[in-house]
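These values consider heavy atoms only, across backbone and side chains, with no hydrogens, waters or symmetry-generated copies. Counting convention: from 1, in listed order, for ligands and their atoms alike.
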Amino acid sequence: MKSVNFLLAFVLLALASSLASAYDPSPLQDFCVAVNDTNTAIFVNGKICKDPTLATPDDFTFSGLNIPTDTNNFLRFNSNLVTVDQFPGLNTLGVAIARVDYAPGGVNPPHIHPRGTELLLVVQGTIFAGFVDANNTLFSKILYPGDLIVFPLAMNHFQVNIGKTDGLAFASFNSQNPGVITLANTLFGTNPPIDPYALARALQLDVNVVKELQAKFRSSN
Ligand code: GLV
Ligand code: MN
C-alpha cells in the first residue's frame, strides 16, 4: 500500500512538473518565416511558413522602432507593437516587442495581454507602473531609466508618465502575438454593446452613466 501511495505521489509530481514546463513551448524548428503565398509554403505551425531555403536576412530584421509614435491624443500616449504580423520572421519564435511613448502626464490605460508576459524597460522619463494580480493586489512602483518591470501573463497593468519630460520605454513579450485587451474598451466599446443594465449592475453605476460611457468608447473604437 505504501509503495502504491509513493507511486501515486511520484506520478502526480511528474505530472505537475510537466504541466509547468508545458507553459513555455519551444519553437518546432530553427525558424518559420510567415508567408502569404501558399505556393512557396511548406510547414504549418500557426502561420504558414516560408520555405527555409528561400529565407533572406531581411526576413529576420525590422526597422522603425527609432521613430517616436504620435502622443498627440487624449491619453497623451501611444505605442508601436511589433508582432508576427509586422515582422514575419518572428513566426513560431514566441517573442514580440513594442516601443512605448508617453508625453508628460501620458497614460497607458489598464490593459491585459491574453497570450504574453511583458517585460518593460524604461529608457527615458519617470514612469509610474503597476499590475494587479488575481487577488486584486496592486504591485506598483516609480520607474526611472534603466529600470525594468514585469507584467505577468494576462494581468491587468498600466503606466503613467509622472515626469515633466517625454517618456520612452520598450516592452518585450514572450509571445509572437501577445494581444491587447484594453479594459475600458472591452467593457464599454464592444460591438454590439453589452446590455447597459448588466454593466450598470456589475459596476454599481447609473444606467445613464453606462450609456454615456458606451457612446464615448464606441465612437473612439
Ligand atoms: C505596455 O504595457 C505595452 O503593452 O505596451
Ligand atoms: Mn502592456
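- Ligand-side atoms of ligand 1 in range of Glu118: 1 (C), 2 (O), 3 (C), 4 (O), range being under 4.0 angstrom from any heavy atom.
- No donor-acceptor distance shorter than 3.5 angstrom exists from the side chain of Ser79 to the backbone of Leu81, with no hydrogens or angles considered.
- Interface atoms of ligand 1 facing His157, defined by a heavy-atom separation under 4.0 Å, are 2 (O).
- Summarising the geometry, atom CG belonging to Asn161 is positioned 7.0 Å from atom OG1 belonging to Thr126; distances are rounded to the nearest 0.5 Å.
- Judged by distance alone, the side chain of Gln124 and the main-chain N or O of Asp101 form no donor-acceptor pair under 3.5 Å.
- Two rings, from Phe151 and His113, have their centers 6.0 Å or more apart.
- Under 4.0 Å from ligand 1, the heavy atoms of Asn108 that appear belong solely to its side chain.
- In this structure, CG on Leu213 lies 7.0 Å from CG on Leu205, to the nearest 0.5 angstrom.
- Around the Mn ion (ligand 2), the protein contributes the following N, O or S atoms under 2.8 Å, ordered by chain and number: His111 NE2, His113 NE2, Glu118 OE1, His157 NE2.
- Panel note: side chain His157, backbone Pro110; no donor-acceptor pair is recorded below 3.5 Å.
- Protein heavy atom closest to atom 4 (O) of ligand 1, with residue, atom name and distance, is His113 NE2, 2.9 Å.
- Arg115 places a side-chain N or O within 3.5 Å of a backbone atom of Asn177 that can act as its donor or acceptor partner.
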Q. What's the verdict on side-chain hydrogen bond (donor to acceptor under 3.5 Å, both in side chains) for Asp51 and Thr53, showing C-alpha distance, side-chain angles and the deciding distance?
A. CA-CA 5 Å; Asp51 180 341; Thr53 63; 2.9 Å; yes
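- Side chain of Thr117 to main chain of Pro152: no donor-acceptor pair is present (N/O by atom type, distance under 3.5 Å, no hydrogens or angles).
- The shortest N or O to N or O distance between Ser79 and ligand 1 is not below 3.5 Å.
- Among all protein heavy atoms, the one lying closest to atom 5 (O) of ligand 1 is Val100 CG2, 3.5 Å.
- The atoms of ligand 1 that sit less than 4.0 Å from any heavy atom of Gln159 are 1 (C), 2 (O).
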